[in-house]
Visitor: 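The following block contains the structure, expressed as structure tokens.
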Amino acid sequence: MTTVFFLVATVAAGLLGAAQPATGIPSEVIQLTQFGPSLAVAVLALFWPARTWALLRSAVRGPGGGLVPGGALTITALLIIAIAVGAHLLVTGDVRFTAPGALGHPFPLIVVAQLIGACGEEIGWRCVLQPLLGARFGVVTASALVGMLWGVWHVPVLAHGPLYAGAFLTATVSMSVVLGLGLQRVTSHRLLLAGSFHALINLGMLVFMNEESGAVLPMALFGASSLAAALVWMSLGGAGRPVTVDHP
């Protein structure tokens, strides 16, 4: 299932990215590539329906215990961006700030679109692939594997060079560990929690880091900040506990 998921998510993202210019949807608002993992989940549901729906059961159902880890994940996302921006300010004297009004579209629209796009990804990465691998590995190992696949899936990012790609992969693996640890005891609304974390990171990168410029320093600081967050989460305990998954 893991191989099928990743192959479909990658191919679907490429096709959606190629089709985006024809749709007229601005990529600054939402990138259609983000729905590649959603299409991969749909394919899994066709071939492994019982298993896939069991994995998705805690993605949207409620009520359940998600308030405390959700708040912790939100704070962590904000801190990752704040620390990276602060470090960039200390090193260069510049926060690389882009005013929301200069993005070319109403900022509330961008916020909503970013959340939708992030959920389009996270229904695959954190709601299906994470518990799928978590049934075989400890949460940190499963999270690191998901984070590596998540990073490699961003193929255009890797074209910016080895230093940029290495920093980006450090960030995706680290954030995946944070999300894996934060969601391991959550029994409901995993999609919303993971999507909110992802959207906050994307918005922070959009407004402060301009990550698509290919500049190595902002991405390196972002990767270091994400790694620091992951180490803190691991030090708080629970790193060895496996993810539990509902079975049909």
Side-chain angles (χ1 to χ4, degrees), residues 1-53 55-56 59-60 103-105 109-133 142-162 164-169 171-173 175-176 179 190-192 194-203 205-206 209-214 219:
M1 285 180 73
T2 299
T3 301
V4 172
F5 170 85
F6 185 71
L7 289 176
V8 174
T10 302
V11 172
L15 293 174
L16 289 169
Q20 178 142 4
T23 67
I25 300 173
S27 60
E28 310 84 48
V29 175
I30 192 169
Q31 296 185 1
L32 296 183
T33 55
Q34 291 182 283
F35 297 99
S38 298
L39 293 178
V41 171
V43 170
L44 294 186
L46 287 175
F47 291 96
W48 296 278
R51 178 62 168 154
T52 303
W53 287 112
L55 292 168
L56 287 172
V60 295
L103 295 174
H105 304 280
L109 171 64
I110 293 175
V111 171
V112 172
Q114 286 291 329
L115 178 59
I116 293 171
C119 288
E121 284 192 47
E122 292 302 333
I123 195 171
W125 302 122
R126 244 58 62 176
C127 296
V128 168
L129 192 58
Q130 174 74 32
L132 183 65
L133 293 177
S143 300
L145 290 172
V146 172
M148 183 60 68
L149 292 174
W150 182 30
V152 172
W153 176 78
H154 290 80
V155 177
V157 171
L158 306 182
H160 287 305
Y164 187 96
F168 182 78
L169 289 174
T172 59
V173 171
M175 289 188 294
S176 188
L179 282 165
R190 294 169 60 92
L191 177 58
L192 181 59
S196 297
F197 178 97
H198 192 151
L200 283 172
I201 291 292
N202 284 353
L203 288 167
M205 296 289 284
L206 179 66
M209 308 299 287
N210 190 18
E211 82 282 6
E212 294 185 359
S213 68
M219 184 55 68

Visitor: Partners of His105 by side-chain hydrogen bond (donor to acceptor under 3.5 Å, both in side chains), sequence neighbours excluded?
Guide: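 His105: side-chain hydrogen bond (donor to acceptor under 3.5 Å, both in side chains) contacts with Glu28.
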Visitor: Distance check, rounded to the nearest 0.5 Å: Thr2 atom OG1 versus Leu149 atom CG?
Guide: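 Result: 8.0 Å between the selected atoms.
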Visitor: Just to verify, what does Phe6 make a ring-ring contact (aromatic ring centres under 6.0 Å, His included) with, not counting sequence neighbours?
Guide: none
Visitor: Taking all non-hydrogen atoms of both residues into account, name the closest pair between Ala9 and Ala40 and its distance.
Guide: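 Answer, listing the atom of Ala9 first, then Ala40: N-CB, 3.7 Å.
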Visitor: Please list, chain by chain and in numerical order, all residues satisfying side-chain contact (heavy atoms from CB on, under 4.5 Å) with Leu200, sequence neighbours excluded.
Guide: Thr74, Ala77, Leu78
Visitor: Rounded to the nearest 0.5 Å, how far apart are OG1 of Thr52 and CG of Leu46?
Guide: 9.0 Å
Visitor: What pairs meet the ring-ring contact (aromatic ring centres under 6.0 Å, His included) rule with one or both residues in residues 10-51, with sequence neighbours excluded?
Guide: none
Visitor: Nearest heavy-atom pair of Val152 and Leu158: which atoms, and what distance?
Guide: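 Answer, listing the atom of Val152 first, then Leu158: O-CD1, 3.9 Å.
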Visitor: Using side-chain contact (heavy atoms from CB on, under 4.5 Å) as the criterion, list what pairs up with Thr3, not counting sequence neighbours.
Guide: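 Partners of Thr3 by the side-chain contact (heavy atoms from CB on, under 4.5 Å) criterion, ordered by chain and then number, come out as Leu7.
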Visitor: When you measure from the side chain of Gln31 to the backbone N and O of Gly17, does any donor-acceptor pair fall under 3.5 Å?
Guide: no
Visitor: Quick one: pull up NE2 in His154 and OG1 in Thr172 and give me the separation to the nearest 0.5 Å.
Guide: 8.0 Å
Visitor: Between Ser176 (side chain) and Ser143 (backbone), is there a donor-acceptor pair under 3.5 Å?
Guide: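 Answer holds: yes.
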Visitor: Please determine whether side-chain contact (heavy atoms from CB on, under 4.5 Å) holds for the pair Leu179 and Val146, giving the CA-CA distance in whole Å, both sets of side-chain angles, and the decisive distance to 0.1 Å.
Guide: CA-CA 10 Å; Leu179 282 165; Val146 172; over 6 Å; no
Visitor: Report yes if the side chains of Val157 and Leu169 come closer than 4.5 Å at any heavy-atom pair, otherwise no.
Guide: no
Visitor: In Å and rounded to the nearest 0.5 Å, what is the CG to CG distance from Leu129 to Leu44?
Guide: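 So the CG of Leu129 and the CG of Leu44 are separated by 9.0 Å.
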Visitor: Considering residues at least two apart in sequence or located in another chain, which fulfil the side-chain contact (heavy atoms from CB on, under 4.5 Å) criterion with Leu109?
Guide: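 By the side-chain contact (heavy atoms from CB on, under 4.5 Å) rule, Leu109 matches Val29, Pro106.
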Visitor: Compile the donor-acceptor pairs under 3.5 Å between side chains in residues 114-124 and protein atoms, sequence neighbours left out, one pair per line.
Guide:
unit_1, atom_1, unit_2, atom_2, d
Glu121, OE1, Trp125, NE1, 3.3
Glu121, OE1, Trp150, NE1, 3.0
Glu121, OE2, Gln34, NE2, 3.3
Glu122, OE1, Arg126, NE, 2.7
Glu122, OE1, Arg126, NH2, 3.3
Glu122, OE2, Arg126, NH2, 3.0
Glu122, OE2, His198, ND1, 2.6

Visitor: A side-chain contact here means heavy atoms from C-beta on lying under 4.5 Å apart; do Arg51 and Leu132 qualify?
Guide: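 Side chain of Arg51 against side chain of Leu132, heavy atoms only: contact under 4.5 Å found.
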